[in-house]
Amino acid sequence: KKSLNMKAQLMIVLMAGILSGCHSQDTKTTSKPVCPNTTCPNEKPEGGLFESAPCSADFCDCSFGVPYLLTCESPLVFDETAQVCNWCYNMCDKCPDCAGCKK
């Protein structure tokens, strides 16, 4: 009976240690940059992708109403119509200063 009581006490001490460890964990989240002066059109998980400016590598990925700032790899720019990062010479109507566009 003494052994059973000792096991119960040990179990209580272990559980208390585990529970206190769970509460003391660091719960900081990493914040992502957001697009300035941009309002998402809805609160959906996948609210859409939107250019931040014409012929720019930066674009906004709306998620739950938050416009997160993303950037295409250089030298690509965001093509809002196709919803992809694209070469500027494929978007001469929006990127007239692109070196690949005839002037």
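Side chains of Pro41 and Phe50 form a contact here, defined as non-hydrogen atoms less than 4.5 Å apart.
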Pair Val77-Lys94, side chain to side chain contact (heavy atoms under 4.5 Å, CB included): steps then yes or no: CA-CA 10 Å; Val77 295; Lys94 290 188 179 182; over 6 Å; no
List the steps, then state whether disulfide (SG to SG under 2.5 Å) holds for Cys95 with Cys101. CA-CA 8 Å; Cys95 303; Cys101 295; over 6 Å; no
Less than 3.5 Å apart, which donor and acceptor atoms pair up between the side chains of residues 82-90 and the rest of the protein, not counting sequence neighbours?
from, atom 1, to, atom 2, distance (Å)
Gln83, NE2, Leu49, O, 3.1
Gln83, NE2, Glu80, O, 2.7
Asn86, OD1, Asn90, ND2, 2.9
Asn86, ND2, Asp79, OD2, 3.0

Check: residues 52-67 side-chain donor-acceptor pairs under 3.5 Å, at least two apart:
from, atom 1, to, atom 2, distance (Å)
Ser52, OG, Asp58, O, 2.9
Ser56, OG, Asp58, N, 3.1
Asp58, OD1, Thr71, OG1, 2.7
Ser63, OG, Pro45, O, 3.0

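Listed by first and then second residue, the side-chain hydrogen bond (donor to acceptor under 3.5 Å, both in side chains) pairs that reach into residues 36-46 come to none, sequence neighbours excluded.
Side-chain heavy-atom separations under 4.5 angstrom define the hydrophobic clusters, and Leu69 shares its cluster with no other residue.
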